[in-house]
Q: 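Take a look at the following structure, please.
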Amino acid sequence: AAVLGLHDGWKTMLTTVPPLPGRAETLVTVSAATWLASYATAETVLRTRKVAVSLIPALALLGLALALDAGAPGSNLLIAIAFTIVCGFTIALRGGLKLRAVAASGVAAAITALAALATPHLPQIADAQPFSLRSKVTPPPPRLQKAISPLDEIPAWLQNPDTELFTVRSAQSQNWRLAVFDTFDGITWTSSDRYVPTGGRVPADPLTESATSVRRSQQVTIAALTGPWLPAADRPTAVAGTSALVDPTSGELLNIDPLHNGLSYSVDSATPQPAAAQLRSASAASDAEATTALALPTTDATGQELDAYDDLKQLAQQATAGAVSPFQQAAMLEQYLQKNESVDITAIPGHTYRSLQFFLDTTHRGTSEQFATAFAVMARTLALPTRVVVGFKPGTDQDGVWHVHAGDVLAWPEVRFDKIGWVPFYPTPDQQSASQTTNKPPAGGSDDRKNLDQQTADQASQPAPADAPAPAAISPKPATASGTSALLPLTAVAAAALLLAYLALVLTAPVLRRSRRRNHPDPTKRVLAAWHQAITYIRPLAPPQPAFASLTAPEIAALAATELGTETAPDLANLARIVDHARFAGQGTHPETAAEAWRLCHTLQRTTAQAVPLWRRSLRRLHPRMVWRT
């Protein structure tokens, strides 16, 4: 089991929606990686004097964790900052609190903070998604029992309307979504979903993460419902009580084991609630989901053009004539189907091109299967990304428990709008009355949506008010290079921040270093520190050879006097004499002697400043070695 966990654990992590369940294969991977990093750290601490080397295993472990954790909820910012601070203090403590260690820690913390502030904006500015290893790993196909597509099962459910399929304990009335279909080949609606295991979380739709949503909780108990699909309110955010698979794209839930009578599980959902004004001005989405939900076959297997496609496209254009926005197109198409077609549970089933053409041109009678699929195909011919959802109406309320029967089955289309997500439409009229005369909302819909869709559709023949916001154009605008141009200001800000951080560091490091040397508690070390500081002033004047390391203090003083002039020779000679006495006399150093050494050092600083051109002093002051030179 341990070997299999080491071999497959990382794949399980990358193909499971985080947070991960505490299964053996994932625990083995985490334990093994942590142990190896700890062992490597202990060995490097004992076998090398390089402090930073001992931190590499921990850095590698953190990098592995972040790579495997990509896509999980929450932020790793605090972890990264804490890791940087701990590394900085480790280097500083093991290095004897040297100034270079402290300065390096400050630079690392500044870079981390800058990266943390800039990184969240880069994906949006560059119009790209952050890299994730999950996109590079293909999950194994789930082992599911064979089941009839819910779209094909609608006629059978309608013929046995009194069969109780499941119950839902919920405080709100809601349609219960079962399955989602976004791929149509002219004959059958299927799903392009990629199901992965989940530890209980369902990822949010990227388009609706910032939208206003209503939080809802449900407790579902299965009765006679079969198949792998788990009913839930859209859109699920978490599921508990059963081993579920989830499609991160659609949020669709599947049970690993066959459903059985008495199976109970809980679901939390966040249903988007866009405002009416936002819907009216919304444009059609153009992301990957929308692209999938636009595909339609236009030719048959022999390459011949499909007459049914052309007929459905022409009918859709007639039904939405006068529409000036994508939402108005969808609302007019919904109203057209409600007013011109009728519900008949005994209608011939089917949703192929020919079946839809027969429904719209000949019989004008069908179930929600034909209404939903006809809407979806016609909407796609209008460049509206649309999918088909099969689910159930709320059912019958009994003391807070909704009893859902087979007769409550309903299919409805959903259109994807930019910055909103999937918005449901209900083209199926109320079953119990004629669509032309009923005042009831359509099947699955609400009074509010009925009024909004009706008003939006009616506005197609009316002039817009002068102060009304301009609706979104039906045809999407071509992509521009705005992402690249927007990246330039951020790059300039980041470069300016790094430059300022460097200037602050390179200018303050020598000052702090000189202050530390001058205030050392040991007078002898203060004298040696003064000489060390004097060397930094003399070095730019000295020729490359001989090397300072091979010269005595008097020799260095004589070399500097040659470059500075004879008037500086007495001060240099006195400073060299004090240094030699502090080094070799072995009698200690008087504090006044240390003060005299620093006075001579300051005199030397003023003299060298006059002897070295300003531009050369400036370049030297800004050189990176001024940060770490001791």
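Note that the numbering runs from 1 along the sequence shown for the chain. Remember, predicted model here, so these are calculated numbers, not experimental data.
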Q: Find the distance between OG1 (Thr367) and CG (Leu151) and round it off to the nearest 0.5 Å.
A: 8.5 Å
Q: Would you sort out whether Thr428 and Trp412 count as a side chain to side chain contact (heavy atoms under 4.5 Å, CB included), showing the intermediate values?
A: CA-CA 8 Å; Thr428 306; Trp412 65 87; over 6 Å; no
Q: Under 3.5 Å, is there a donor-acceptor pair between the side chain of Ser283 and the main chain of Pro326?
A: no
Q: Keeping the roles fixed (side chain from Thr242, backbone from Ala244), state whether a donor-acceptor pair exists under 3.5 Å.
A: no
Q: Given 3.5 Å as the limit, does a donor-acceptor pair link the side chain of Trp10 with the main chain of Thr29, or not?
A: no
Q: Do Trp157 and Leu165 make a side-chain contact, defined as non-hydrogen atoms from C-beta onward lying under 4.5 Å apart?
A: yes
Q: Between Gln338 (side chain) and Pro429 (backbone), is there a donor-acceptor pair under 3.5 Å?
A: no
Q: Apply side chain to side chain contact (heavy atoms under 4.5 Å, CB included) to residues Val17 and Val202 and explain how you reach the verdict.
A: CA-CA 7 Å; Val17 177; Val202 180; over 6 Å; no
Q: Determine the minimum heavy-atom distance between Thr167 and His403, stating which atoms define it.
A: CG2-ND1, 3.5 Å
Q: Any sub-3.5 Å donor-acceptor pair from Gln328's side-chain atoms to Arg280's backbone N or O?
A: no
Q: For Asp268, does its backbone N or O pair with a side-chain atom of Arg215 as donor and acceptor, under 3.5 Å?
A: no
Q: Under the side chain to side chain donor-acceptor pair (under 3.5 Å) test against Glu341, which residue among Arg365, Gln370, His364 passes?
A: His364
Q: Heavy-atom count around Ile348 CD1 within 6.0 Å, excluding the residue itself: above 12?
A: no
Q: Test salt bridge (Lys or Arg N to Asp or Glu O under 4.0 Å) on Asp205 and Arg416 and set out the steps.
A: CA-CA 11 Å; Asp205 186 339; Arg416 190 164 180 82; 2.8 Å; yes
Q: Of all heavy-atom pairs between Leu312 and Thr381, which one has the smallest distance, and what is that distance?
A: O-OG1, 4.4 Å
Q: Do side-chain atoms of Arg235 reach the backbone of Pro203 as a donor and acceptor pair under 3.5 angstrom?
A: yes
Q: Measuring from atom CE of Met332 to atom OG1 of Thr456, what distance do you get when rounded to the nearest 0.5 angstrom?
A: 10.5 Å
Q: What about the rings of Phe359 and Phe371, do their centers lie closer together than 6.0 Å?
A: yes
Q: Compare all side-chain heavy atoms of Asn175 with those of Pro394 and state whether any distance is below 4.5 angstrom.
A: yes
Q: Could you go step by step and tell me if Leu259 and Thr226 meet the side chain to side chain contact (heavy atoms under 4.5 Å, CB included) rule?
A: CA-CA 6 Å; Leu259 302 185; Thr226 59; 5.8 Å; no
Q: Begin from the C-alpha positions of Gln218 and Trp176 and carry the test side-chain hydrogen bond (donor to acceptor under 3.5 Å, both in side chains) through to its verdict.
A: CA-CA 10 Å; Gln218 315 111 58; Trp176 315 114; over 6 Å; no
Q: With a 4.5 Å heavy-atom cut-off, do Phe181 and Thr373 have their side chains touching?
A: no
Q: What pair of heavy atoms forms the shortest contact from Val401 to Arg169, and how long is it?
A: CG2-NH2, 3.2 Å
Q: Nearest 0.5 Å please: distance from the CG atom of Asn340 over to the CD atom of Gln335.
A: 10.5 Å
Q: Once you round to the nearest 0.5 Å, how far does CG of Asp447 lie from CD of Gln454?
A: 12.5 Å
Q: Just verifying a value: how many Å separate Trp229 CH2 and Leu254 CG, rounded to the nearest 0.5 Å?
A: 7.0 Å
Q: Please tell me if the side chains of Gln172 and Val214 come closer than 4.5 Å, counting only heavy atoms from C-beta onward.
A: no
Q: Is it the case that the side chain of Thr249 and the backbone of Asp247 share a donor-acceptor pair, with hydrogens and angles ignored and the cut-off at 3.5 Å?
A: no
Q: Run the salt-bridge test on Asp430 and Lys450 with the 4.0 Å N-O cut-off and return the result as yes or no.
A: no
Q: Hey, does the side chain of Asp8 reach the backbone of Lys11 with a donor-acceptor pair shorter than 3.5 angstrom?
A: no
Q: Less than 4.5 Å apart, any side-chain heavy atom of Ile420 and any of Leu207?
A: no
Q: Mind listing the closest non-hydrogen atom pair of Ala319 and Tyr336 along with its distance?
A: CB-CG, 3.6 Å
Q: Quick one: does Leu178's side chain get under 4.5 Å of Leu225's, heavy atoms only?
A: yes
Q: Please report whether the ring centroid of Phe184 lies less than 6.0 Å from that of Tyr353.
A: yes
Q: Would you name the heavy atoms of Ala290 and Ala285 that are closest together and state the gap between them?
A: CB-O, 3.4 Å
Q: Can you tell me how far CZ of Arg380 sits from NZ of Lys313, rounded to the nearest 0.5 angstrom?
A: 15.0 Å
Q: Could you walk me through whether Phe327 and Phe425 pass the ring-ring contact (aromatic ring centres under 6.0 Å, His included) check?
A: CA-CA 10 Å; Phe327 182 77; Phe425 289 83; 5.7 Å; yes
Q: State, with a plain yes or no, whether a side-chain heavy atom of Val377 is found less than 4.5 Å away from one of Leu356.
A: yes
Q: Let me see the working for Gln317 and Leu382 under side chain to side chain contact (heavy atoms under 4.5 Å, CB included), right down to the final yes or no.
A: CA-CA 7 Å; Gln317 292 173 343; Leu382 301 173; 4.0 Å; yes
Q: Nearest heavy-atom pair of Leu452 and Ala276: which atoms, and what distance?
A: CD1-CB, 3.8 Å
Q: Any donor-acceptor pair under 3.5 Å linking the side chain of Glu414 with the backbone of Trp422?
A: no
Q: For Gln318, does the CD atom have more than 12 heavy-atom neighbours from other residues, nucleotides or ligands under 6.0 Å away?
A: yes
Q: Do the non-hydrogen side-chain atoms of Leu245 and Val196 ever get within less than 4.5 Å of each other?
A: no
